[in-house]
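Each chain gets a letter, A, B and so on, in the order its sequence line appears, and its residues count up from 1.
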Protein chains: 2
Amino acid sequence: MLITGHLARCCFRVAAKVSTNILFTSLHENVYVQPTLRLGGAERGRQVTATIKDVAREAKVSVASVSRALNGAGGVTPETEKRIREAAARLRYVPHGAARSLITKRTHTVGALMPDLHGEFFSELIRGIDLEARSHGLHLLVSSSHDGAEDAAAALRAMQGRVDGIVILSSPRVDAAFLEANLPDGLPAVLLNSEVKAGAAAVLNIDNFAGTYAMVRHLVGVGHDRIAFVSGPKDNFDARQREAGFRAAMAKLAPGTSLRIVSGDFGESSGYRAGLELLASKVRPQAVFAANDMMAVGCLQAFKEAGIDVPGEIALAGFDDIPIARYVTPPLSTVRVRIAELGKNAMDLLADLINRPGSSAASVHTLGCDIVVRESCGGHRGGTSATTTKKIHRPSNR
Amino acid sequence: MLITGHLARCCFRVAAKVSTNILFTSLHENVYVQPTLRLGGAERGRQVTATIKDVAREAKVSVASVSRALNGAGGVTPETEKRIREAAARLRYVPHGAARSLITKRTHTVGALMPDLHGEFFSELIRGIDLEARSHGLHLLVSSSHDGAEDAAAALRAMQGRVDGIVILSSPRVDAAFLEANLPDGLPAVLLNSEVKAGAAAVLNIDNFAGTYAMVRHLVGVGHDRIAFVSGPKDNFDARQREAGFRAAMAKLAPGTSLRIVSGDFGESSGYRAGLELLASKVRPQAVFAANDMMAVGCLQAFKEAGIDVPGEIALAGFDDIPIARYVTPPLSTVRVRIAELGKNAMDLLADLINRPGSSAASVHTLGCDIVVRESCGGHRGGTSATTTKKIHRPSNR
DNA sequence: TTGTATGCGTTATCAT
DNA sequence: ATGATAACGCATACAA
């Protein structure tokens, strides 16, 4: 829609396979010239990794002393500890994670299981999780990109014995039944964006309901009455919550108004179609609230093509605050989800669950959203708001 | 710049801590009602995970037979195998990864080490890596979000014995010296976006040079002569290559033109400043080529505010093809980097390195780019082009 | 304080 | 075909 296309070769086509390099050279100083460099010391033979035994031999002590010294368990003379540490450093000794976790029962690793996600949401979530994991001394085993339940189940199985806990981002496929069948009993788990309260798992959700509610309140506040809603896919938990929030808000804040809800699928083009459909209505809405930003962007495109002024003739709002929202014309008002914080909180919850088994088990948490008022919804005075994580419900299941 | 602000509360503020839930209920059917659900069978006691011994006992065979049967190593009667499989299924037996890799010397896991990256690039890269890893039967241990060399070194150490190989995305901090000091000798590694050819590691780069060159050719082709360039940070490899490509292209395709290069830092606001600076020039450029899209977007903002028509008065082009590029007005012409493919190729290279040690070692590969012609650079006939990965150089270091 | 010995769960090498 | 047993690298209870 926005782009059209003819082909234009980007790279140099030359006969010889390796000559691209040479061609560059002839054009310019050769950017591919690279410093040759030997890595590591390449000890004799294939001794690629030193073990605790090697260190023990080198330091002329037993493996037990090496273990004690390096783990700070005490019971070792300062001088022998020094000797051991030096030997370890000399040999570039690093404890073998698998071996250690075999006896320790701790992998210091958490898993992240998520559906096939593109873009900002995924990266921000992982970012939040990873940062917090590191601060807890945990590593992150990621398994993303599965649409199928079979994929996800396999990934879950493969994590057995490799993780101390797991963060699971729910999806239509990874639902209650799936978790019941595949989530190992006793494995600390945090469910993100899930409608199930599953066993001992903690649940952390986005406050879609309140976010939508607040946006409706803003729209009503700036004088809009007939607000249409573009809903998301029915099998999506977020989408359902957002629609519920919209219905509740309208019932409360604009009572008596007949609800206008057209369905979309979170995709840009479904938003475009919804926009066209709304324009064709007998009574045109004063504002359109799309259940996510991509659909709002599609709407905007439809309005632009029809020559409708936004927000002059129709106000527009979205949900998510994807980066694009700021850059469309006019900039899109939306509900911001603090994704990295969601990840961070999930990780905190999980760490707690791991360190104090049962502590946060079966608790349900909710992360508030902000609304970001930009130009697309009229009554623009700008700004954002923030709320904090609130514990909603915590049955004493233990 | 684009957003201004007043605060608007998004969530309901109520006195009681837990009452948000109740409030919602009073507004609407309670969206937080969640099905209670017992997970797993909860075998007796704390037997949370069955081991191979349990299966052996259950099937009345030795652990050796269980191992053979489940690994398809042969040497086991169909009926005993059946009995073993049934016992395993009954006990929900899953082999303990750590224990297995201790003896196998294979973790079936690869590490991904990357700097603190936001947005699309990170997510697409991980996506490409993860998808391909899965198809190779490998898992992904991610360690992202370090700016410091110390951070990265610690992450690298922690991967010892937990991964069979590693993909490293270079950054100013993770450079030749860093790798020499920290990359374990003998560990299969693929360096992404790196200017060093390090030991036995394979290197995979984006063809920044050719991408920039092609875009300049396009700009010149549609009649622009005085093309200004907004460069990126000097310590960034991509930025340097792109500038080199620009210089080379201009020298070849627009000889005699005096070069106009203003420096930026890849950030939007530096692009904005560069835009203002260029507008203030005695001789205004016909086209501006920014070393990345964010700077181009900043430029565009500066031009818009100055009332300059794009592409009418000044053409504009960027690099990366971030999602935003399509949505600004006018849509931004740019050089597309196929990031997921980069990740996929890196993973392929690594899998090769793992399975056939030394096979792809010390090879250098380059992934071509596409140019995407949209409206911002004039001469708009639309479209993209694609090139494929080409092997540039492969010393016989083995 | 230090060393010896056992076991973690698995695969591999022998026997039988 | 099957079973006993020795690794794998580490931490730890116990002995010295």
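As rounded to whole Å, 14 Å separates atom P of dG9(D) from atom CG of L91(A). If you measure from atom CZ of R68(A) to atom P of dA11(D), you get 11 Å, rounded to the nearest angstrom. dA1(D) atom C1' lies 19 Å from atom NZ of K60(B), rounded to whole Å. Taking atom NE2 on H108(B) and atom P on dT11(C), their separation rounds to 10 Å, with Å as the unit. Here the P atom of nucleotide dC8(D) and the CD1 atom of I52(A) are 14 Å apart, to the nearest Å. Note: NZ (K53(A)) to C1' (dG3(C)) measures 15 Å, nearest angstrom. Rounded to whole angstrom, the span from the CG atom of L102(A) across to the P atom of dG9(D) amounts to 12 Å. When rounded to the nearest whole Å, the span between CZ of R106(A) and C1' of dT12(D) equals 17 Å.
Considering only the side chain of S62(B), dG3(D) comes nearest among dT10(C), dT2(C), dG3(D). Relative to the side chain of S67(B), the nucleotides dT11(C), dT2(D), dT4(C) differ in distance, and dT11(C) lies closest. Side-chain atoms of V63(A) lie closest to dA5(C) of the nucleotides dA5(C), dT10(C), dC10(D). Comparing dT10(C), dG3(C), dA4(D) by their nearest atom to the side chain of S65(A) picks out dG3(C). Taking the side chain of I103(B) as heavy atoms from C-beta on, and the options dT11(C), dA13(D), dG9(D), the nearest nucleotide is dT11(C). For P95(B), taking side-chain heavy atoms from C-beta onward, the closest of the listed nucleotides dA11(D), dA4(D), dT10(C) is dT10(C). Counting only heavy atoms from C-beta on, N71(A) has its side chain closest to dA11(D) among dT10(C), dA11(D), dG3(C). Across dC10(D), dC8(C), dA1(D), the shortest atom-to-atom separation from the side chain of T77(B) is found for dA1(D).
Looking at R83(B), R90(B), K82(B) one by one, the single match for side chain to side chain donor-acceptor pair (under 3.5 Å) with E86(B) turns out to be K82(B).
At dT2(D), one or more side-chain N or O atoms of T80(B) fall inside 4.0 Å of OP1 or OP2 (strictly under the cut-off). Dashed line: the shortest gap from a side-chain N or O of R100(B) to OP1 or OP2 of dT11(C) is under 4.0 Å.
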(request) Could you check R127(B) against D130(B) for salt bridge (Lys or Arg N to Asp or Glu O under 4.0 Å), going step by step and ending with a plain yes or no? (result) CA-CA 5 Å; R127(B) 188 177 134 79; D130(B) 188 43; over 6 Å; no
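Between H108(A) and D164(A), the shortest heavy-atom distance links the atoms N-OD2, 2.7 Å.
Not one N or O on the side chain of D116(B) forms a donor-acceptor pair closer than 3.5 Å with the backbone of H146(B).
Looking at which nucleotide of DNA chain D each of P78(B) and A99(B) is closest to, the 5′-most match is held by P78(B). Both K105(B) and E81(B) sit near DNA chain D, but only E81(B) has its closest nucleotide nearer the 5' end.
A donor-acceptor contact closer than 3.5 angstrom links the side chains of R162(B) and T109(A).
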